Amino acid sequence: LRKLLASIFLGLLVAALMMYVAWQHNSQCEIYCEGSVNWLYWLSIGFSWFLPVSISTFLFASLIGKIVRKRSKNESAT
């Protein structure tokens with residue numbers, strides 16, 4: 001559960017950062033223009049970063065956890 005929460009947190013952090021960067025570099029009125037916000041486009045930027053970052057972080061943390069458990073199990077057996 002901790003791995004899942006940590007990966008969700010990291011995914012949200014990266015997504016928020018990328019959404020902030022996109023908002024700051026809105027040179028062609030893609031996200032906001034004249035008081036109107038294109039929410040679908042802006043949220044899709046965040047989601048496109050959230051999903052791969054959180055999934056890859058969770059998979060990497062799970063893999064490292066299995067390796068550490070297996071290694072500690074082998075060391076305790078000897």
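Keep in mind it's a predicted model, so treat the numbers as computed, not measured.
Remark: Asn38 CG to Cys33 SG distance equals 10.5 Å, nearest 0.5 Å. With rounding to the nearest 0.5 angstrom, the CZ atom of Arg69 is 11.5 Å from the CD1 atom of Ile64.
Across every non-hydrogen atom of Ile31 and Asn26, the tightest pair is N-OD1, 2.9 Å. The two residues Leu43 and Met19 come nearest to each other via the heavy atoms CD2-CE, 3.7 Å.
By the rule that hydrophobic residues join a cluster once side-chain heavy atoms approach within less than 4.5 Å of another member, Trp39 and Trp49 end up as members of one cluster. Under the 4.5 Å side-chain heavy-atom criterion for ILVMFWY residues, no single connected hydrophobic cluster contains both Phe60 and Leu13.
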Would Trp23 and Val37 count as a side chain to side chain contact (heavy atoms under 4.5 Å, CB included) if you check the C-alpha gap in whole Å, the side-chain angles of each, and the deciding distance to 0.1 Å? CA-CA 10 Å; Trp23 186 272; Val37 177; 3.9 Å; yes
Passes side chain to side chain contact (heavy atoms under 4.5 Å, CB included), Lys3 versus Thr57? Steps please. CA-CA 8 Å; Lys3 290 179 232 175; Thr57 303; over 6 Å; no
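The other members of the hydrophobic cluster of Phe50, by chain and number, are Leu4, Ile8, Leu12, Phe47, Leu51, Ile55, Phe58, Leu59 (side-chain heavy atoms under 4.5 Å, ILVMFWY only).
The number of heavy atoms from other shown groups lying within 6.0 Å of OH (Tyr41) does not exceed 12.
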